[in-house]
Amino acid sequence: MDDRIIEAEAPPSNPPTTREECRQRLAQLQNDITAIRTEIAAADMDRQAGRRPMDARWYHRARTALRHRQREVAEVAVLMSRLPGRKDALKDLLIEVVRVDYDETGWHRVMDEAHRRLDARVAAI
């Protein structure tokens with residue numbers, strides 16, 4: 001039973017700030033989850049082979065570590081969904097490029113038309 005795998009690891013004090021950092025953290029967490037599950041299965045096989053009980057304290061720590069990693073996966077996934085993606089960045093850059101071609105009145109007309117189309121699209125759903 002490898003206690004290094006199940007040692008309580010506090011979530012990083014600085015959460016990921018980019019989608020790439022989120023992907024890296026999710027990959028690490030998935031690796032940790034797989035390692036913990038493998039360790040639990042190996043301990044159970046040893047228990048069955050030796051016809052002896054499993055160390056209840058170790059098993060509880062392993063399951064707790066697994067739950068913590070799974071909870072963090074959910075938190076990072078939610079965080080990742082809220083971070084702007086490449087499409088959002090492209091939209092922001094398009095606005096920045098096009099905006100310089102309009103004066104205030106013209107820009108307000110463009111925005112009003114965009115809002116009108118958005119409202120029509122939402123109403124159609």
Side-chain angles (χ1 to χ4, degrees):
M1 292 182 266
D2 188 355
D3 285 345
R4 291 174 296 151
I5 295 172
I6 63 168
E7 287 302 314
E9 180 183 307
S13 58
N14 52 346
T17 57
T18 65
R19 287 178 165 273
E20 183 56 33
E21 288 176 6
C22 286
R23 278 191 277 278
Q24 290 172 358
R25 184 63 186 151
L26 287 172
Q28 179 60 50
L29 288 167
Q30 291 299 339
N31 286 341
D32 291 352
I33 288 169
T34 300
I36 293 169
R37 286 182 175 155
T38 301
E39 195 66 29
I40 290 171
D44 189 43
M45 289 172 54
D46 288 346
R47 177 196 62 82
Q48 290 176 23
R51 298 190 187 277
R52 62 185 186 278
M54 187 182 293
D55 180 353
R57 287 182 182 194
W58 178 88
Y59 180 76
H60 176 70
R61 286 193 347 258
R63 293 295 299 178
T64 299
L66 184 62
R67 277 193 310 276
H68 285 299
R69 302 295 194 299
Q70 290 169 331
R71 177 191 43 77
E72 190 177 348
V73 164
E75 290 171 356
V76 172
V78 167
L79 174 63
M80 186 174 176
S81 72
R82 292 180 179 160
L83 290 173
R86 183 172 172 80
K87 190 175 183 179
D88 295 321
L90 176 62
K91 289 177 186 179
D92 290 343
L93 287 173
L94 281 171
I95 291 170
E96 185 179 316
V97 168
V98 173
R99 175 68 173 96
V100 297
D101 294 337
Y102 292 91
D103 62 8
E104 282 301 311
T105 305
W107 186 249
H108 284 295
R109 278 196 305 268
V110 168
M111 291 302 294
D112 289 343
E113 177 62 18
H115 284 287
R116 187 191 63 72
R117 289 183 186 191
L118 178 63
D119 292 343
R121 186 177 291 173
V122 170
I125 296 177

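With sequence neighbours excluded, no residue forms a salt bridge (Lys or Arg N to Asp or Glu O under 4.0 Å) with Arg37. Applying the side-chain hydrogen bond (donor to acceptor under 3.5 Å, both in side chains) test to Arg109 and every residue at least two apart in sequence or in another chain returns nothing. Applying the side-chain hydrogen bond (donor to acceptor under 3.5 Å, both in side chains) test to Ser81 and every residue at least two apart in sequence or in another chain returns nothing. A search for salt bridge (Lys or Arg N to Asp or Glu O under 4.0 Å) contacts involving Arg67 returns nothing, not counting sequence neighbours. For Glu113, the side-chain hydrogen bond (donor to acceptor under 3.5 Å, both in side chains) partners at least two apart in sequence or on another chain are Arg116, Arg117. Here Arg47 pairs with Asp44 under the salt bridge (Lys or Arg N to Asp or Glu O under 4.0 Å) rule; sequence neighbours left out. For the side-chain hydrogen bond (donor to acceptor under 3.5 Å, both in side chains) test, residues two or more places apart in sequence or in another chain that qualify with Arg23 are Glu20.
For the side-chain hydrogen bond (donor to acceptor under 3.5 Å, both in side chains) condition, no pair includes a residue of residues 82-93, sequence neighbours left out.
At a cut-off of 3.5 Å, with distance as the only test, a side-chain donor of Arg71 or His68 sits close to an acceptor on the other residue.
Leu90 forms part of a hydrophobic cluster together with Leu94, judged by ILVMFWY side-chain heavy-atom separations under 4.5 Å. Taking a 4.5 Å side-chain heavy-atom cut-off between Ile, Leu, Val, Met, Phe, Trp and Tyr, the cluster of Val122 extends to Leu118. Hydrophobic side-chain contacts under 4.5 Å tie Val78 to no other Ile, Leu, Val, Met, Phe, Trp or Tyr residue. Residue Met111 is found in a hydrophobic cluster whose other members, listed by chain and number, are Ile95, Val98, Tyr102, Trp107, Val110; membership requires side-chain heavy atoms under 4.5 Å apart, directly or through intermediates.
Cluster membership check: Leu29 does not share its hydrophobic cluster with Leu79, using side-chain heavy-atom separations under 4.5 Å among Ile, Leu, Val, Met, Phe, Trp and Tyr.
Side-chain contact between Asp46 and Arg52: present, with at least one pair of heavy atoms (C-beta onward) separated by less than 4.5 Å. Using a 4.5 Å cut-off on side-chain heavy atoms (C-beta onward), Leu66 and Arg69 make no contact.
Rounding to the nearest 0.5 angstrom, the gap separating the CE atom in Met54 from the CE atom in Met45 is 11.0 Å.
A salt bridge links Glu104 to Arg99: one of the charged nitrogens lies within less than 4.0 Å of a carboxylate oxygen.
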